[in-house]
Peer 1: 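Below is one structure. I have some questions about it.
Residue numbering restarts at 1 for every chain, and letters A, B, ... go by the order of the sequence lines. Computation of the quantities below employed the complete heavy-atom set of this structure, encompassing side-chain atoms and omitting hydrogens, waters and symmetry-equivalent molecules.
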Number of protein chains: 2
Amino acid sequence: MARASDKLIEQLKQEIFSGLLKPGDQLEEADLAVRFNVSRTPIREAIRSLVDNGLLETRSRKGAIVRVLNAKELNDLFEVAAELEGMACRLASERLTQSNKKIIKASLDLCQAAAQVEDIPGYAEANLAFHGAIHEASENDWLTDQLSQIQARINVYRLMPYEIVGRLEKSLVEHQKISEAIFAKDGLSANSLMRDHMMLQGARLPSLLRALV
Amino acid sequence: MARASDKLIEQLKQEIFSGLLKPGDQLEEADLAVRFNVSRTPIREAIRSLVDNGLLETRSRKGAIVRVLNAKELNDLFEVAAELEGMACRLASERLTQSNKKIIKASLDLCQAAAQVEDIPGYAEANLAFHGAIHEASENDWLTDQLSQIQARINVYRLMPYEIVGRLEKSLVEHQKISEAIFAKDGLSANSLMRDHMMLQGARLPSLLRALV
DNA sequence: ATTAATTTATATGGATACATATATCAACTA
DNA sequence: TAGTTGATATATGTATCCATATAAATTAAT
């Protein structure tokens with residue numbers, strides 16, 4: 001039997017990522033205990049975990065709130081994300097196996113299919129698959145781990161209604177170029193192409209923040 | 001008043017980093033509760049935190065043990081550390097302020113002083129100061145945070161008696177070159193010099209692991 | 001009427017009591 | 001003698017209880 005707190009962690013993460021819990025929202029242990037029909041103990045453990053994870057923050061005796069990232073913090077986060085994504089591309093170039101190549105290609109096809117019919121949620125999913133495929137191809141588990149954590153953090157700020165006028169097409173082209181560089185084992189190009197790709201996302205941050213209310 | 005679990009976390013970290021608790025050692029909640037004269041509750045919170053931090057690991061109903069990193073995991077960790085340290089150098093080159101420059105210089109002097117008299121613990125401390133100064137100069141708080149966490153992890157494996165025959169001198173020269181590149185605002189060189197510097201450390205891993213018993 | 005102080009309520013931090021799963025050891029059978 | 005099964009013990013997981021700090025509200029004083 002899985003621990004109750006583990007389920008709670010997943011559930012709360014979902015609620016944060018889905019936007020149900022918005023940055024700044026307060027979490028009260030007693031309320032959560034009633035909602036999830038468990039005692040306060042596993043609730044407290046889950047909250048602690050999420051605090052350590054950086055998704056919540058606490059002030060002494062003031063309970064936990066969903067952490068709010070300001071513009072600089074988000075920018076810093078994106079910079080690190082861009083660097084590590086670029087690193088993954090470099091390593092993938094150096095260590096590419098046939099099977100990983102296939103997986104990257106498949107995810108790229110998904111991106112293309114979604115882009116053609118302008119299926120935005122579909123593209124978002126395919127996009128994650130594409131990046132995930134590259135992470136795996138890096139063969140560095142620590143890196144893969146870090147990136148999935150960072151991605152989770154970024155996703156909190158990504159799901160709000162955002163206009164992607166023509167951005168799907170551009171993103172797809174960038175993906176294609178990145179893949180080509182990896183397949184050509186050109187780690188240097190793959191690295192910088194991915195970094196640029198990520199930084200373009202990051203450049204949209206200010207408008208995201210404004211949308212945040 | 002600080003929370004009891006916070007103090008426990010620091011204490012347990014110290015014991016892990018100091019080698020008192022070795023990888024594989026089991027931590028029993030009741031024992032710790034007696035040792036620290038608190039109830040099991042803060043003990044459990046501390047353990048959870050350390051598990052999330054990656055310093056401990058748990059299996060269902062089997063309690064917590066000090067996490068053991070195998071050769072590949074350590075290698076993966078070093079690769080990421082090297083990349084992020086390099087990134088810090090690049091950013092420091094781009095954003096260097098006069099005050100940060102002074103701090104880097106000061107830490108470099110500490111390294112030199114320690115190296116001249118072959119003061120190994122002194123050099124280790126100066127080394128941390130040097131890297132820390134560069135982290136700060138990157139002006140990226142997220143990066144600084146990640147690096148300090150990674151450094152803590154690496155330190156667990158670093159404190160065992162390791163021979164540094166002539167390594168102090170070499171390390172110092174590398175530090176000097178890195179600083180020069182940063183001061184010349186040559187981010188590209190600073191990045192790769194630091195990456196190489198870190199990877200040299202990483203290359204000593206196999207012997208470290210053998211020393212681990 | 002406004003502000004400050006005291007009291008009261010409530011939510012977090014910590015201790016303890018209780019439930020349950022796993023491991024160890026012993027006994028019995030093949 | 002070796003292996004399997006069952007009972008007991010122990011450590012983890014959960015619930016609840018108690019203490020205390022903080023916040024809110026009410027009252028009193030200027």
Side-chain angles (χ1 to χ4, degrees), chain A residues 1-17 20-70 149 156, chain B residues 1-16 19-70 149 156:
Chain A
M1 182 184 108
R3 289 186 292 231
S5 52
D6 289 341
K7 272 187 275 187
L8 286 172
I9 291 171
E10 285 314 308
Q11 180 74 17
L12 289 174
K13 270 190 187 171
Q14 281 301 328
E15 297 193 359
I16 293 172
F17 295 157
L20 203 85
L21 287 170
K22 281 189 275 289
D25 281 0
Q26 178 133 15
L27 293 161
E28 272 180 35
E29 296 177 0
D31 292 352
L32 293 174
V34 172
R35 262 189 59 198
F36 292 110
N37 197 34
V38 291
S39 80
R40 268 180 56 215
T41 306
I43 299 281
R44 291 181 62 188
E45 299 200 337
I47 287 179
R48 257 212 102 80
S49 240
L50 294 172
V51 168
D52 286 336
N53 222 309
L55 271 117
L56 303 180
E57 61 182 342
T58 54
R59 280 186 294 233
S60 189
R61 291 266 170 193
K62 287 203 57 173
I65 62 171
V66 180
R67 180 143 180 231
V68 183
L69 296 187
N70 61 31
Q149 277 185 259
V156 180
Chain B
M1 184 184 108
R3 287 185 293 228
S5 51
D6 289 340
K7 273 186 274 188
L8 286 172
I9 291 171
E10 285 314 307
Q11 180 73 19
L12 289 174
K13 269 190 186 172
Q14 280 302 327
E15 297 195 0
I16 293 172
L20 203 86
L21 288 169
K22 281 190 273 289
D25 282 0
Q26 178 132 16
L27 293 162
E28 272 181 36
E29 295 176 0
D31 291 353
L32 293 173
V34 173
R35 263 189 60 200
F36 292 110
N37 196 33
V38 291
S39 79
R40 270 180 56 217
T41 306
I43 298 282
R44 298 194 87 228
E45 299 198 338
I47 288 179
R48 260 213 99 82
S49 244
L50 294 172
V51 168
D52 287 335
N53 223 306
L55 271 117
L56 304 179
E57 61 183 342
T58 54
R59 278 187 295 234
S60 191
R61 289 265 169 194
K62 286 203 58 174
I65 62 171
V66 181
R67 180 147 180 227
V68 183
L69 296 187
N70 61 32
Q149 277 185 259
V156 181

Peer 1: Over how many whole Å does the gap from A:E45 atom CD to C:dT12 atom C1' extend?
Peer 2: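 The answer, rounded to whole Å, is 15 Å.
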
Peer 1: Does A:D6 have any side chain to side chain contact (heavy atoms under 4.5 Å, CB included) partners at least two apart in sequence or in another chain, and if so, which?
Peer 2: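 Applying side chain to side chain contact (heavy atoms under 4.5 Å, CB included) to A:D6 gives A:R3, A:I9, B:R48.
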
Peer 1: Using a 3.5 Å distance criterion without hydrogens, assess whether the side chain of B:D25 forms a donor-acceptor pair with backbone atoms of B:K22.
Peer 2: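 Between the backbone of B:K22 and the side chain of B:D25 there is a qualifying donor-acceptor contact (under 3.5 Å).
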
Peer 1: Each nucleotide N or O in nucleotides 15-19 of chain C that has a protein N or O under 3.5 Å away: list the pair and distance.
Peer 2:
unit_1 : atom_1 : unit_2 : atom_2 : d
C:dA15 : OP2    : B:S39  : N      : 2.8
C:dA15 : OP2    : B:S39  : OG     : 2.8
C:dA15 : N7     : B:T41  : OG1    : 2.7

Peer 1: How close or far is atom P of D:dA24 from atom NZ of A:K62, stated in whole angstroms?
Peer 2: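 Roughly 8 Å, once rounded to whole Å.
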
Peer 1: Kindly say whether A:I47 contributes a backbone atom to a donor-acceptor pair with the side chain of A:E29 at under 3.5 angstrom?
Peer 2: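 Pair absent, no side-chain N/O of A:E29 close to backbone of A:I47.
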
Peer 1: Nearest whole angstrom, please: distance from the C1' of C:dA21 to the CZ of A:R3.
Peer 2: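 One finds 13 Å between C1' of C:dA21 and CZ of A:R3, rounded.
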
Peer 1: Just call it for A:I47: base, sugar-phosphate, or nothing, with non-hydrogen atoms closer than 4.0 Å on any strand.
Peer 2: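 The residue A:I47 makes no contact with any strand.
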
Peer 1: Please report the interatomic distance CG(B:L56) to OG1(B:T58), rounded to the nearest 0.5 Å.
Peer 2: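 The OG1 atom of B:T58 is 8.5 Å from CG of B:L56, to the nearest 0.5 Å.
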
Peer 1: Applying side chain to side chain donor-acceptor pair (under 3.5 Å) to A:Q11 and A:E15, what does each step give before you reach the verdict?
Peer 2: CA-CA 6 Å; A:Q11 180 74 17; A:E15 297 193 359; 3.3 Å; yes

Peer 1: Within this structure, what is the CG-to-P distance between A:L32 and D:dT14, rounded to whole angstrom?
Peer 2: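 Nearest whole value for this atom pair: 16 Å.
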
Peer 1: If you measure from NZ on A:K7 to CG on A:L12, what distance do you get to the nearest 0.5 Å?
Peer 2: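 CG of A:L12 is found 13.5 Å from NZ of A:K7.
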
Peer 1: Nearest whole Å is fine: how far is D:dT10 C1' from B:E29 CD?
Peer 2: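 About 12 Å, once rounded to whole Å.
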
Peer 1: Atom CD of B:Q26 to atom P of C:dT24: distance rounded to whole Å?
Peer 2: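 Going from CD in B:Q26 over to P in C:dT24 covers 10 Å.
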
Peer 1: Heavy atoms only, 4.0 Å cut-off, all strands: where does A:L27 land among base, sugar-phosphate and nothing?
Peer 2: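 The answer is sugar-phosphate, as A:L27 gets under 4.0 Å only of primed atoms, P, OP1 or OP2.
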
Peer 1: B:E28 CD to D:dT12 C1': how many Å, rounded?
Peer 2: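 Distance check: B:E28 CD to D:dT12 C1' gives 10 Å.
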
Peer 1: What is the separation between atom CD1 on B:I43 and atom P on D:dA11, rounded to the nearest whole Å?
Peer 2: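 Rounding to the nearest Å, CD1 of B:I43 and P of D:dA11 are 14 Å apart.
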
